[in-house]
Amino acid sequence: MSHVPDSLVRMARTTLSQAEARRTALAAQGLGGARSGATGGRSLSAAIARMGVLQIDSVNVFARSHYMPLFSRVGSYDPARLDRLVFRKGRASRPAPYVEYIAHEAAFMPVEDWPLWAFRRADVTARSGRWGAWAAAPDNADVIARVRAELADRGPLRPADIESVVRTARGGPWWDWDHAKRALEYLWAGGEVAIAGREGFERVYGLAEHIVPPHLLGVDVARPDAVRELVRRAAKAYGVATLSDLNDYYRLRDQRAVQAAVDDLVDAGELSPVRVEGWTNAAGRPLPAWIHRDARVPRRIEQATLLTPFDPVVWFRDRAERLFDFHYRIEIYVPQPKRRYGYYSLPVLVDDRVAGRIDLKAERKASALRVQSAWWEEHASAGHAAERIAAEVARAAAWQGLERVTVSRWGDASDHLAAALDAERHEHANAKGM
């Protein structure tokens, strides 16, 4: 049973073992504690606050990615409660508590953080990066102007609702839905537009002035101050981190600015340099790392849980390798015969190690959770972990309202897991001939 370790030690040392670094990182992320399954908005908001952002992904094989980190941290909560928090249609007079922005990749973030991202919006409107050439083209500039004017006139809209851009059967403008979508995404990234909510899983776009509270509009945090605050949050969320870790958490992509922020935070006493066993560069030299003053190292982590590929624990693949010796790539774009682990395999955390990976698929009509493949990591002890992982898979099925679990014969952990679950078996295309 998961529980908060009895003894937590505030860090005041200059070296950490790799195991201590793992436990520090997991505790900072809110993993390893009791999972009550509380459905209250406060519990969910507290977990999101600890992570800072909740990344969104459209893949819905088992459960959409933004639902998973909360399951990992609070247990079998009601997903409808999260929907009410993050999908609430907001307007300036009655704002929703969260808004979508590129705060890692596309993610839910507190609407109060809007001023922090002025520097990212400025980079977009300066026509830098991927938006530059597209937004500057004369035809596209006309599309952008038409979309902007229609949102001002009609209020929040889906891309398909943009009448001034989408070509009709009788002719009309020489644009299509894709142009409307690109214009909306450009205006959203640049801050003229915000997400007013979603219909199904489709974004509804509106002018920011109609959605973001007036007291947040035009109150831009200067770039150095914003970067310092985001680095501070990343350091707290990670517990212990390298410069590249801190640079990636909010996709700042500016190592010099991040280093300057780290230096300021060290001077302020919020961060302290620390050496982590095994964290070295290509030349074998120790990687500089820092620990947050609030970081604690549990004597142990006792929890088995599934992670989404977009959980902060593993979303930066270099860090996942340093912390867990875990090489992870998503195979959704790999042709099926060439997949090594499965379409959308989920890391499985057992205590403070990633013990394996499981490819799950929810068959709603059959009310079945299909374990499409199951694999052990090299260090994992099958006898120790199989029962605990099986219990977590059963919890995941129940959380999704699925009545039974079936297990394929693909993967070196599939037999162990099927036995622990006493589950029926099914065939999987990749397992044929094995």
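We count residues from 1, following the sequence as given.
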Please say whether more than 12 non-hydrogen atoms of neighbouring residues, nucleotides or ligands are located less than 6.0 Å from [atom1] in [X].
X: Asn281; atom1: CG; result: yes
X: Arg364; atom1: CZ; result: yes
X: Phe201; atom1: CZ; result: yes

[X]-[Y] side chain donor-acceptor pair, cut-off 3.5 Å:
X: Thr305; Y: Glu392; value: yes
X: Asp245; Y: Thr242; value: yes
X: Ser45; Y: Tyr98; value: yes
X: Asp83; Y: Tyr67; value: yes

If you compare all heavy atoms of [X] against all heavy atoms of [Y], which two are closest, and at what distance to 0.1 Å?
X: Tyr328; Y: Pro347; value: OH-CD, 3.4 Å
X: Val193; Y: Trp114; value: O-CH2, 4.2 Å
X: Ala241; Y: Leu246; value: CB-CD2, 3.7 Å
X: Leu369; Y: Ala397; value: CD2-CB, 3.8 Å
X: Val53; Y: Met109; value: CG1-CB, 4.3 Å
X: Leu31; Y: Leu307; value: CD1-CD2, 4.5 Å

Below 4.0 angstrom, N of the basic side chain to O of the carboxylate: do [X] and [Y] qualify?
X: Glu270; Y: Lys236; value: no
X: Glu377; Y: Arg353; value: no
X: Arg339; Y: Glu331; value: no
X: Asp248; Y: Arg319; value: no
X: Arg81; Y: Asp78; value: no
X: Arg233; Y: Glu229; value: yes
X: Asp178; Y: Lys181; value: no

Determine the interplanar angle of the Trp410 and His428 rings, folded into 0 to 90°, and report it as parallel if under 30°, tilted if 30 to 60°, perpendicular if over 60°.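 Rings of Trp410 and His428: parallel, under 30°.
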
Walk me through it: do Asp123 and Arg120 pass the test salt bridge (charged side-chain N to carboxylate O under 4.0 Å, His left out)? CA-CA 5 Å; Asp123 288 344; Arg120 184 154 291 169; over 6 Å; no

Run through Phe310, Trp315, Phe316 and flag the one making a ring pair (Phe, Tyr, Trp, His ring centres under 6.0 Å) with His104. Trp315

Pair Trp188 + Tyr186: ring centers closer than 6.0 Å: no

Would you say the rings of Phe62 and Tyr343 are close, in the sense that their centroids are separated by under 6.0 Å? no

When rounded to the nearest 0.5 angstrom, what distance separates [atom1] in [X] from [atom2] in [Y]?
X: His66; Y: Leu54; atom1: NE2; atom2: CG; value: 7.0 Å
X: Leu82; Y: Ile48; atom1: CG; atom2: CD1; value: 5.5 Å
X: Trp117; Y: Leu230; atom1: CH2; atom2: CG; value: 4.5 Å
X: Leu349; Y: Ile301; atom1: CG; atom2: CD1; value: 8.5 Å
X: Glu20; Y: Ile291; atom1: CD; atom2: CD1; value: 9.0 Å
X: Ser414; Y: Asp359; atom1: OG; atom2: CG; value: 12.0 Å

When you measure from the side chain of [X] to the backbone of [Y], do you find a donor-acceptor pair of N or O atoms at a distance under 3.5 Å?
X: Ser367; Y: Glu403; value: yes
X: Gln29; Y: Ala237; value: yes
X: Glu277; Y: Ser17; value: no
X: Arg154; Y: Glu150; value: no
X: Trp375; Y: Tyr341; value: yes
X: Arg23; Y: Pro298; value: yes

Identify which one of Asn60, Thr308, Asp57 satisfies the side-chain hydrogen bond (donor to acceptor under 3.5 Å, both in side chains) criterion when paired with Ser65. Thr308

For Asp352, the option from Arg299, Arg300, Arg22 that meets salt bridge (charged side-chain N to carboxylate O under 4.0 Å, His left out):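 Among Arg299, Arg300, Arg22, the one that satisfies the salt bridge (charged side-chain N to carboxylate O under 4.0 Å, His left out) with Asp352 is Arg22.
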
For the salt bridge (charged side-chain N to carboxylate O under 4.0 Å, His left out) test, which of Arg409, Arg404, Arg370 pairs with Glu424?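 Looking at Arg409, Arg404, Arg370, the match for Glu424 under the salt bridge (charged side-chain N to carboxylate O under 4.0 Å, His left out) is Arg404.
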
